[in-house]
Chemist: 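This is the structure I have questions about; it appears just below.
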Amino acid sequence: MRKKIIAANWKMNQTVADTESFLTDFRLEVEDVSGVDIVIAPPFTSLAKISELLGGSQKIRTAAQNMYYEASGAYTGEISAQMLRELYVKYVILGHSERRQIFGETDALINKKVIAAIESELKPILCVGETLAEREADRENEVLETQLRGSLAGVTAEQLAEIVIAYEPVWAIGTGKTASTQQAQDCHLHVRKVLAELSDAETADKVRIQYGGSVKPANAAELLAQPDIDGALVGGASLDPRGFAEIVKAGVTA
Ligand code: 13P
């Protein structure tokens, strides 16, 4: 049985003060929740505050939204895996479609980041997903396969088992359009098939695959009930502590 993993991707939202007030409310909401992994990916500027507020809590873990693959050096504006580890960060979102589309990240660059994260004992949440044009051309499976093979080159089966994949159809992000549960399940199954080809069936069966794209309290339970949907990567709806807590609770009961 794969434990569900529900993650908040705050993107470029929430100041340090907002983060503090969110955590105060959210922790009360999830006080009695167990059996699900809860992750929050705030902007870099809030990571230190979250670490300080959570102390050694295992209940809520933090993720960075990005990192660079080099350990240190003249890379203005970038953050390394070690810098994140110092703040007790456990996960790092890599290859988000906004990074791919707005900042031009390629599978080759994302692959370097995936390897660097693993080497520093950060768990990648690797995002993959097709655009609307690609779906309309029935190319989603091919696109997912290319992204997975490119981003995971050189990753061993043992390492793969620790990675989280987030399937995020680009056309469903921030648009209010969610993939139907069947569309999502079909793509998750395809992702697992490609992972099995990259490693073996037993390893692929261990990998948690999150769905992302307009997840909200009203649709979370149905998505999370699908056999190959092992969690959610939530953008807009994760900014509200009560709403995000409801999605987390849907992960417990799914
Ligand atoms: P929304 O939930 O706002 O559609 O964003 C999804 C996403 O990109 C999470 O990484």
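In each ligand, atom 1 is the first atom listed, and ligand 1 is the first ligand listed. These values consider heavy atoms only, across backbone and side chains, with no hydrogens, waters or symmetry-generated copies.
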Chemist: Go through His96 and Gln65 one step at a time and tell me if the side chain to side chain donor-acceptor pair (under 3.5 Å) criterion holds.
Modeler: CA-CA 8 Å; His96 191 279; Gln65 297 176 17; over 6 Å; no
Chemist: Among the heavy atoms of Gly174, does any lie under 4.0 Å from an atom of ligand 1?
Modeler: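 Distance cut 4.0 Å: Gly174 passes for ligand 1.
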Chemist: Considering the heavy atoms of Gly213, write down every atom of ligand 1 situated less than 4.0 Å from one of them.
Modeler: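 Close to Gly213: 4 (O), 6 (C).
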Chemist: Does the N or O separation between Lys11 and ligand 1 drop below 3.5 Å for any pair?
Modeler: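 Between Lys11 and ligand 1 (N or O atoms, distance only) the closest approach is under 3.5 Å.
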Chemist: Given Ile40, which of Thr19, Leu54, Ile50, Asn9 fulfils the side chain to side chain contact (heavy atoms under 4.5 Å, CB included) condition?
Modeler: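 Option passing the side chain to side chain contact (heavy atoms under 4.5 Å, CB included) with Ile40: Ile50.
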Chemist: Please report the C-alpha distance between Glu105 and Lys113 in whole Å, then the side-chain angles of each, then the deciding distance to 0.1 Å, and finally whether the side chain to side chain contact (heavy atoms under 4.5 Å, CB included) criterion is met.
Modeler: CA-CA 11 Å; Glu105 292 199 6; Lys113 296 185 178 194; 2.9 Å; yes
Chemist: Nearest protein heavy atom to atom 9 (C) of ligand 1, by residue and atom, and its distance?
Modeler: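 I find the closest protein heavy atom is Glu168 OE2, 2.9 Å.
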Chemist: Between Ala172 and ligand 1, find which residue part has any heavy-atom pair under 4.0 Å and reply side chain, backbone, both or neither.
Modeler: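 For Ala172, only backbone atoms sit under 4.0 Å from ligand 1.
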Chemist: Which of the numbered atoms in ligand 1 are below 4.0 angstrom from a heavy atom of Ser214?
Modeler: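 With Ser214 as reference, the close atoms of ligand 1 come out as 1 (P), 2 (O), 4 (O).
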Chemist: Do the side-chain N and O atoms of Asp228 and Gln185 include a donor-acceptor pair separated by under 3.5 angstrom?
Modeler: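 A pair is found: one side chain offers a donor N or O, the other an acceptor, under 3.5 Å apart.
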Chemist: Is there a polar contact between ligand 1 and His96, counting only N or O atoms under 3.5 Å apart?
Modeler: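 Yes; at least one N/O pair falls below 3.5 Å.
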Chemist: Scan for ring-ring contact (aromatic ring centres under 6.0 Å, His included) pairs involving residues 218-254, sequence neighbours excluded, and state none if there are none.
Modeler: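 Those involving residues 218-254 are Phe26-Phe244.
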Chemist: Among protein heavy atoms, which sits nearest to atom 3 (O) of ligand 1, and what does the distance come to when rounded to 0.1 Å?
Modeler: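 For atom 3 (O) of ligand 1, the nearest protein heavy atom is Gly236 N, 2.8 Å.
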Chemist: Mind listing the side-chain donor-acceptor pairs of residues 129-137 below 3.5 Å, one per line with the distance, residues two or more places apart or on another chain?
Modeler:
| residue | atom | partner | partner atom | Å |
| --- | --- | --- | --- | --- |
| Glu130 | OE1 | Tyr167 | OH | 2.9 |
| Glu130 | OE2 | Arg135 | NE | 2.7 |
| Glu130 | OE2 | Arg135 | NH2 | 3.1 |
| Glu130 | OE2 | Tyr167 | OH | 3.0 |
| Glu130 | OE2 | Trp171 | NE1 | 2.9 |
| Thr131 | OG1 | Glu134 | N | 3.2 |
| Thr131 | OG1 | Glu134 | OE1 | 3.2 |
| Glu134 | OE1 | Thr131 | N | 2.8 |
| Arg135 | NH2 | Tyr167 | OH | 3.4 |

Chemist: Looking only at the side chains, is there a donor atom on one of Gln182 and Asp186 sitting less than 3.5 Å from an acceptor on the other?
Modeler: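 Gln182 vs Asp186: donor-acceptor pair found between side chains.
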Chemist: Look at atom 2 (O) of ligand 1 and say which protein heavy atom is nearest, naming residue and atom and giving the distance to 0.1 Å.
Modeler: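 Answer, as residue, atom name and distance: Gly235 N, 2.9 Å.
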Chemist: Counting each atom of ligand 1 from 1 as listed, which ones have a heavy atom of Asn9 under 4.0 Å away?
Modeler: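 Selected atoms, number and element: 9 (C), 10 (O).
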Chemist: Do Arg99 and Leu109 make a side-chain contact, defined as non-hydrogen atoms from C-beta onward lying under 4.5 Å apart?
Modeler: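 Side-chain contact under 4.5 Å: no.
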Chemist: Tell me whether Ile173 has any N or O atom under 3.5 angstrom from an N or O of ligand 1.
Modeler: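 N/O-N/O distance below 3.5 Å does not exist for this pair.
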